[in-house]
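Below you'll find the structure, written out as structure tokens, and then a few comments.
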Amino acid sequence: MSACSSSVRNYRGHYRSYRNYRMRQLQRQLCSYMLLFLMVFGSMGWFFWDWSQANSRVEDLAFQPQIVQSGDTLWSLAENSGLQIDTRTLVLKIMEYNQLTDTTIQTGQVIYTPISKNQP
């Protein structure tokens, strides 16, 4: 009887250690999934917050006339505006405001370039 009971005890002990191992493994997986979930939705939240901030800055633009000098491009005019807005977005806004169909500009042409409404 003692031989039987000791083998049952060993089996139960093995089962318990496997169950504990499996529980730890499931807990690690759950933590990994939760971390992944937080990273994905956190980055999405940051993206939408940054996007809304950029849109509000673009909407707060005023335009001033500027005469195109030799060597000027829409890209250089947008970069030299001093605004903390993506240059590609500024080029598109300049084209939209000046009703340009392409990026070709000519020396002596008057182009309206963006400035911040807060600037004097």
Side-chain angles (χ1 to χ4, degrees):
M1 192 170 205
S2 68
C4 249
S5 64
S6 73
S7 65
V8 169
R9 227 177 319 149
N10 289 340
Y11 175 74
R12 286 183 183 158
H14 177 70
Y15 176 73
R16 285 185 190 139
S17 66
Y18 175 75
R19 188 175 56 180
N20 290 340
Y21 165 76
R22 186 72 181 129
M23 288 298 290
R24 285 192 309 270
Q25 191 177 24
L26 290 173
Q27 288 171 345
R28 283 190 208 118
Q29 284 179 343
L30 180 63
C31 287
S32 297
Y33 290 139
M34 288 176 57
L35 182 62
L36 179 64
F37 176 81
L38 290 174
M39 287 174 52
V40 167
F41 284 100
S43 62
M44 285 175 56
W46 174 80
F47 172 77
F48 285 117
W49 176 82
D50 187 53
W51 179 69
S52 69
Q53 294 294 321
N55 275 347
S56 67
R57 287 186 300 224
V58 169
E59 291 171 0
D60 290 339
L61 293 177
F63 288 83
Q64 68 180 3
Q66 183 172 349
I67 298 174
V68 176
Q69 304 297 318
S70 178
D72 280 347
T73 62
L74 289 180
W75 189 270
S76 66
L77 294 174
E79 275 186 334
N80 295 332
S81 68
L83 300 171
Q84 299 298 319
I85 300 173
D86 184 41
T87 306
R88 295 168 292 190
T89 304
L90 288 176
V91 168
L92 291 174
K93 284 296 178 184
I94 291 171
M95 288 179 66
E96 179 184 321
Y97 191 83
N98 291 285
Q99 298 176 350
L100 300 174
T101 56
D102 61 6
T103 59
T104 306
I105 56 175
Q106 320 242 323
T107 302
Q109 182 179 1
V110 176
I111 294 287
Y112 288 86
T113 57
I115 60 170
S116 177
K117 285 184 181 178
N118 301 331
Q119 291 181 355

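Fair warning: this is a prediction, and the values are worked out from it, not measured in the lab.
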(message) Would Leu83 and Leu90 count as a side chain to side chain contact (heavy atoms under 4.5 Å, CB included) here? Give the steps.
(response) CA-CA 9 Å; Leu83 300 171; Leu90 288 176; 4.1 Å; yes

(request) Mind checking the OG1-CG spacing from Thr113 to Leu77? Nearest 0.5 Å is all I need. (result) 6.5 Å

(message) As an exercise, state the distance from CG of Leu92 to CE of Met95, rounded to the nearest 0.5 Å.
(response) 7.0 Å

(request) Kindly work out whether a path of hydrophobic side-chain contacts (I/L/V/M/F/W/Y, heavy atoms less than 4.5 Å apart) joins Ile111 to Leu61. (result) no

(request) Supply the atom-to-atom distance Asp102 CG to Thr104 OG1, rounded to the nearest 0.5 angstrom. (result) 3.5 Å

(request) Only counting residues at least two apart or in another chain, list the ones meeting ring pair (Phe, Tyr, Trp, His ring centres under 6.0 Å) with Tyr97. (result) Phe63, Tyr112

(request) Taking the side chain as every heavy atom from C-beta outward, state whether Ile105 and Leu74 have any pair of such atoms under 4.5 Å apart. (result) yes

(request) For the residue pair Thr87 and Glu79, confirm or rule out a side-chain donor-acceptor distance under 3.5 Å. (result) no

(request) Nearest 0.5 Å please: distance from the CD1 atom of Ile94 over to the OG1 atom of Thr89. (result) 11.0 Å

(message) Walk me through whether Val110 and Asn98 qualify under side chain to side chain contact (heavy atoms under 4.5 Å, CB included).
(response) CA-CA 9 Å; Val110 176; Asn98 291 285; over 6 Å; no

(message) Show the nearest heavy-atom pair for residues Ser81 and Pro114, with the distance to one decimal.
(response) CB-O, 3.8 Å

What pairs of donor and acceptor atoms, side-chain ones from residues 23-40 against any protein atom, are under 3.5 angstrom apart with sequence neighbours left out?
unit_1: Gln25; atom_1: OE1; unit_2: Arg22; atom_2: NH1; d: 2.9
unit_1: Ser32; atom_1: OG; unit_2: Arg28; atom_2: O; d: 3.0

(request) Kindly indicate whether the side chain of Thr107, heavy atoms from C-beta on, has any atom under 4.5 Å from the side chain of Gln69. (result) no

(request) Please answer: with hydrophobic residues joined when any side-chain heavy atoms are less than 4.5 Å apart, are Trp75 and Leu100 in the same cluster? (result) yes

